[in-house]
Amino acid sequence: MSALRGPAQARAAHRQALLRHPGIASGIEQLLSACPDSDINDDEEPVFLLSAGWRSGSTLLQRLIMSDSQVLIWGEPYDECGMIQALAESMKAFRPDWPPAEYYYDGTPPADLSGNWVANLFPSLEDLRKGHRAFFDTLFSEPAKRGGAARWGIKEVRLGSEHALYLRWLYPKAKILFLYRNPLDAYRSYARYGRSWYDIFPNRPMFTPTAFGTHWRQLMEGYLRDARKLDALLVRYEDLIGNRPPLEEIESYLGIRIDRSVLGAKVGSSERGGEKARVSRLEKWLLKRAVSPMAKELGYEW
């Protein structure tokens, strides 16, 4: 049977590992425990604007933030590639018994290592963190600064609170905003675009109300659970376009100045020619089932 199922000892160890519910958050926690200090320059304060799915006002909030000329917010960069998700997912492997301490390179001159066991020879955890951060600095920070921006950020509609934990690990002074909207209104707006977008291409399409709603609910569960731990600011789209938008709160949190005229300057529209997208009864039912009970708890009912 071991030829078909693997050794009993290995399977038992795997079951025990799964009982710990390994995830991005647990991996980051382990990394912080094993390597709490870092000499990475943490003066940067990037802005991570994470929205609970598509058509929730993230571009409006992005434009508001960018009305401060010192800030450039990238808009869903290379979105379907899932690069940030993949980097964050790699954190799952870190756990109390892995990697073993003896795997880490201790600075021994390479010429003296040929007689040692080097099959598992890892750079330090601090170097690992620097490597991850270098990716973001090179791809996002440097081109923003070349363009004249003092600060940079990312607007995304696919990232959850665990991804935010990963980003906070890289940038301790980062500012994180969680944006959300009535999922029915967001879905109706999305429907005008043909419901043809992907979370990650090609295996995670968002073609159905169930997929769209499940994505919304899962993101919202994490946002509400982890906002306090992340010192993140929750922003409700309906408040943003209401009579008293929380612009002062956003300004204070981010340390920026917002041009109020942006709220009245419409750029693009999902309601082409003034037409509203039709959402069938079945679509509404499927969406409601996918977002329950979270939507109702937030006051969204239909």
Side-chain angles (χ1 to χ4, degrees), residues 42-77 79 84 136 140-141 144-145 147-168 170-183 185-186 189 216 219-270 294 297-300:
D42 65 356
D43 289 339
E44 286 203 58
E45 294 181 281
V47 177
F48 298 116
L49 164 53
L50 308 187
S51 170
W54 297 263
R55 309 305 302 157
S56 294
S58 60
T59 302
L60 172 60
L61 186 49
Q62 176 191 14
R63 289 173 50 232
L64 284 166
I65 296 169
M66 287 181 64
S67 69
D68 185 316
S69 62
Q70 295 299 301
V71 187
L72 188 154
I73 306 293
W74 301 105
E76 301 170 41
D79 48 5
I84 295 175
F136 287 85
F140 301 122
S141 178
K145 290 178 178 177
R151 293 175 68 187
W152 64 276
I154 296 172
K155 182 264 287 187
E156 250 300 350
V157 298
R158 296 164 171 82
L159 303 183
S161 64
E162 283 204 317
H163 303 117
L165 286 166
Y166 165 74
L167 295 169
R168 170 74 77 214
L170 294 179
Y171 295 95
K173 294 183 180 179
K175 301 297 183 180
I176 300 168
L177 298 102
F178 292 144
L179 176 67
Y180 63 99
R181 182 187 187 184
N182 183 322
D185 292 337
S189 180
W216 182 92
L219 292 181
M220 282 309 307
E221 287 172 348
Y223 291 175
L224 296 176
R225 180 188 65 235
D226 295 329
R228 185 183 296 274
K229 176 166 57 175
L230 286 161
D231 187 32
L233 182 64
L234 282 161
V235 181
R236 188 172 175 264
Y237 173 73
E238 290 80 7
D239 294 335
L240 194 62
I241 61 169
N243 294 328
R244 300 181 64 184
L247 299 185
E248 291 84 1
E249 186 179 8
I250 295 170
E251 286 178 321
S252 176
Y253 177 70
L254 297 180
I256 64 171
R257 293 291 296 172
I258 291 174
D259 181 354
R260 270 64 175 165
S261 69
V262 171
L263 278 174
K266 197 169 188 178
V267 179
S269 174
S270 64
M294 179 61 63
E297 292 172 3
L298 291 170
Y300 298 132

Taking only residues two or more places apart in sequence, or in another chain, which ones meet Asp185 in a salt bridge (Lys or Arg N to Asp or Glu O under 4.0 Å)?
Arg188

Heavy-atom pair of closest approach, residues Leu224 and Met294
CD1-SD, 3.4 Å

Let me confirm one number: the CD-OG distance from Glu238 to Ser56, rounded to the nearest 0.5 Å.
8.5 Å

CG-CD1 distance between Leu50 and Ile154, expressed to the nearest 0.5 angstrom
9.0 Å

For residues Phe48 and Trp74, establish whether the separation of their ring centroids is below 6.0 Å.
no

Ring pair (Phe, Tyr, Trp, His ring centres under 6.0 Å) filter on Tyr180, not counting sequence neighbours, yields none

Polar side-chain atom of Ser67 near backbone of Leu64 as donor-acceptor pair, under 3.5 Å:
yes

Taking Gln62 for the side chain and Ile73 for the main chain, is one N or O donor matched with an acceptor at less than 3.5 Å?
yes

Quiz question: by atom type and distance under 3.5 Å, do the side chains of Glu44 and Ser141 form a donor-acceptor pair?
yes

Distance col, row Glu45:CD vs Ile256:CD1, nearest 0.5 angstrom, shows 11.5 Å

Under 3.5 Å: donor-acceptor pair, side chain of Glu251, backbone of Ile258:
yes

Side-chain atoms of residues 230-237: list all donor-acceptor pairs with protein atoms under 3.5 Å, sequence neighbours left out, distances to 0.1 Å.
residue	atom	partner	partner atom	Å
Arg236	NE	Tyr300	OH	3.4
Arg236	NH1	Asp239	OD1	3.2

Which pair of non-hydrogen atoms, one from Leu263 and one from Pro245, has the smallest distance, and what is that distance?
CD1-CG, 3.8 Å

For the student: nearest non-hydrogen atoms of Ala144 and Trp152, plus distance:
CB-CB, 3.7 Å

Output the distance between atom CD1 (Ile65) and atom CG (Leu72), rounded to the nearest 0.5 Å.
11.5 Å

Nearest-0.5 Å distance that lies between atom CG in Leu61 and atom CG in Leu179
5.5 Å

Between Leu49 and Glu156, does a side-chain contact (heavy atoms from CB on, under 4.5 Å) hold up when you go through it step by step?
CA-CA 6 Å; Leu49 164 53; Glu156 250 300 350; over 6 Å; no

Any side chain to side chain donor-acceptor pair (under 3.5 Å) pairs touching residues 159-168, not counting sequence neighbours?
His132-Tyr166, Ser161-Arg225, Ser161-Asp226

For Arg151 and Leu254, work out which heavy atoms get closest and say how close.
NH1-O, 2.6 Å

Go through Leu240 and Ile250 one step at a time and tell me if the side-chain contact (heavy atoms from CB on, under 4.5 Å) criterion holds.
CA-CA 10 Å; Leu240 194 62; Ile250 295 170; 4.2 Å; yes

Got a sec, which residues hit salt bridge (Lys or Arg N to Asp or Glu O under 4.0 Å) with Arg181, two or more places apart in sequence or on another chain?
none

Residues passing the salt bridge (Lys or Arg N to Asp or Glu O under 4.0 Å) test with Glu248, sequence neighbours excluded, are Arg260

Just jot down the side-chain contact (heavy atoms from CB on, under 4.5 Å) partners of Leu219, sequence neighbours excluded, or say none.
Ala52, His215, Tyr223

Check salt bridge (Lys or Arg N to Asp or Glu O under 4.0 Å) between Glu76 and all other residues, then give those that pass, not counting sequence neighbours.
Lys155, Arg158

According to side-chain hydrogen bond (donor to acceptor under 3.5 Å, both in side chains), who are the partners of Gln70, at least two apart in sequence or on a separate chain?
none

Using only atom types and a distance under 3.5 Å, with no angle test, would you say the side chain of Ser51 pairs donor to acceptor with the backbone of Val157?
no

Distance check, rounded to the nearest 0.5 Å: Leu247 atom CG versus Arg257 atom CZ?
10.5 Å

Distance-minimising heavy-atom pair for Ile176 and Tyr253
N-OH, 2.9 Å

Looking at residues at least two apart in the chain, or sitting in another chain, which of them share a ring pair (Phe, Tyr, Trp, His ring centres under 6.0 Å) with Trp216?
none

